[in-house]
Amino acid sequence: MRAWRYHVLAGGTRVGTISLRDGHTRVFTHLVGHIGFAIDAEHRGHGYAGQAVLALLPEARRLVDIVWITTTPDNTACRRALERIGCVLVEAVDIPSYYVTYAQGERTKLRYRLELDGW
Ligand SMILES: CC(C)(COP(=O)(O)OP(=O)(O)OC[C@H]1O[C@@H](n2cnc3c(N)ncnc32)[C@H](O)[C@@H]1OP(=O)(O)O)[C@@H](O)C(=O)NCCC(=O)NCCS
């Protein structure tokens, strides 16, 4: 597995981070996802997360045909950010007990699919 982490910049200011992961096992497609991101609290609400995902797609395209991004049902902000850029909710899956976030109380992941055709 390879992974890259980038700063997210807006007008030269660092506003968050985004990661790209090159993995094809179920852990990547169903649990952690190919792309993960966080925007610093003071910079939220400007669409930066979605714009950062779109900016990463040329790199993602070199690794996978379909980008899977996961989140939890209660993460409304993430779900809104994903849906705004065209990610499609495919399904909810149970988090297995071996996965790290199970111990933190998470039980369900939502799997969002982002087609790379057209980008
Ligand atoms: C999820 C996250 C990355 C979204 O980033 P963002 O750049 O703020 O995304 P957007 O600007 O598109 O806003 C998405 C939603 O966040 C909510 N939001 C808006 N302003 C906000 C603020 N100041 N603070 C918190 N949430 C806010 C709104 O519900 C918004 O949806 P809406 O515009 O349709 O009402 C960010 O909230 C975050 O870093 N959260 C913690 C880490 C995390 O959950 N990462 C994703 C893991 S799957």
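Note that ligands are numbered from 1 as they come in the structure, with each ligand's atoms numbered from 1 the same way.
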If you scan protein heavy atoms around atom 30 (C) of ligand 1, the nearest is R80 CB, 4.4 Å
Examine distances only and state if a side-chain atom of T70 and a backbone atom of L31 form a donor-acceptor pair shorter than 3.5 Å. yes
Between H7 and R14, is there a side-chain donor-acceptor contact under 3.5 Å, judged purely by atom types and distance? yes
List the closest protein heavy-atom neighbour of atom 3 (C) of ligand 1: residue, atom name, distance to the nearest 0.1 Å. F37 CD1, 3.4 Å
Ignoring angles and geometry beyond distance, decide whether T71 reaches within less than 3.5 Å of ligand 1 through its nitrogen or oxygen atoms. no
Is the closest side-chain heavy-atom distance between L57 and L116 below 4.5 Å? yes
Atom 39 (O) of ligand 1: nearest protein contact (heavy atom, Å): I39 N, 2.7 Å
Of all protein heavy atoms, the one nearest atom 8 (O) of ligand 1 is G45 N, 2.8 Å
Considering only protein heavy atoms, which is closest to atom 27 (C) of ligand 1, and at what distance to one decimal place? R44 CB, 4.4 Å
R84 side chain vs G50 backbone, donor-acceptor pair below 3.5 Å: no
Show which atoms of ligand 1 fall inside a sub-4.0 Å distance from at least one heavy-atom site of T70. 48 (S)
Counting from 1 in the order shown, the ligand 1 atoms closer than 4.0 Å to a non-hydrogen atom of A49 are 3 (C), 4 (C), 5 (O), 6 (P), 7 (O)
Geometric N/O contact H46 with ligand 1, under 3.5 angstrom: yes
Looking only at N/O atoms, are A81 and ligand 1 under 3.5 Å apart anywhere? no
Within a distance under 4.0 Å of any heavy atom of Y48, pick out the atoms of ligand 1 and give their elements. 7 (O)
Which option out of C78, A52, G36 puts a heavy atom nearest to atom 48 (S) of ligand 1? C78
Check whether any side-chain heavy atom of H24 lies under 4.5 Å from a side-chain heavy atom of V64, and answer yes or no. yes
Has the side chain of R111 got a donor or acceptor atom that lies under 3.5 Å from a matching backbone atom of T29? yes
Would you tell me whether E83 and Y112 have side-chain atoms, one donor and one acceptor, within less than 3.5 Å of each other? yes
Tell me, do H30 and W68 make a side-chain contact under 4.5 Å, heavy atoms counted? no
Among all protein heavy atoms in this structure, tell me which lies nearest to atom 11 (O) of ligand 1, with the distance rounded to 0.1 Å. G47 N, 2.6 Å
Kindly state if atom 46 (C) of ligand 1 has a protein heavy atom within a strict 4.0 Å cut-off, that is, under 4.0 Å? yes
I'd like to check whether A41 has a polar contact with ligand 1, where a contact means an N/O of the residue lying under 3.5 Å from an N/O of the ligand. no
Could you tell me whether N75 and ligand 1 have an N or O pair separated by under 3.5 Å? yes
CD of E91 to CG of L110, rounded to nearest 0.5 Å, is 9.5 Å
Has N75 got a side-chain atom pairing as donor or acceptor with C78's backbone, closer than 3.5 angstrom? yes
Of all the heavy-atom pairs spanning L56 and S19, show the shortest one and how long it is. CD2-O, 4.2 Å
Using atom types as modelled and distance alone, determine if a side-chain donor or acceptor of R5 lies under 3.5 Å from a backbone N or O of T17. no
Give yes if a backbone or side-chain nitrogen or oxygen of A38 is under 3.5 Å from a nitrogen or oxygen of ligand 1, and no if not. no
Note the single closest protein heavy atom to atom 14 (C) of ligand 1, along with its residue, its atom name and the distance in Å. A77 O, 3.3 Å
Ranked by distance from atom 12 (O) of ligand 1, the top protein heavy atom is R84 NH1, 2.9 Å
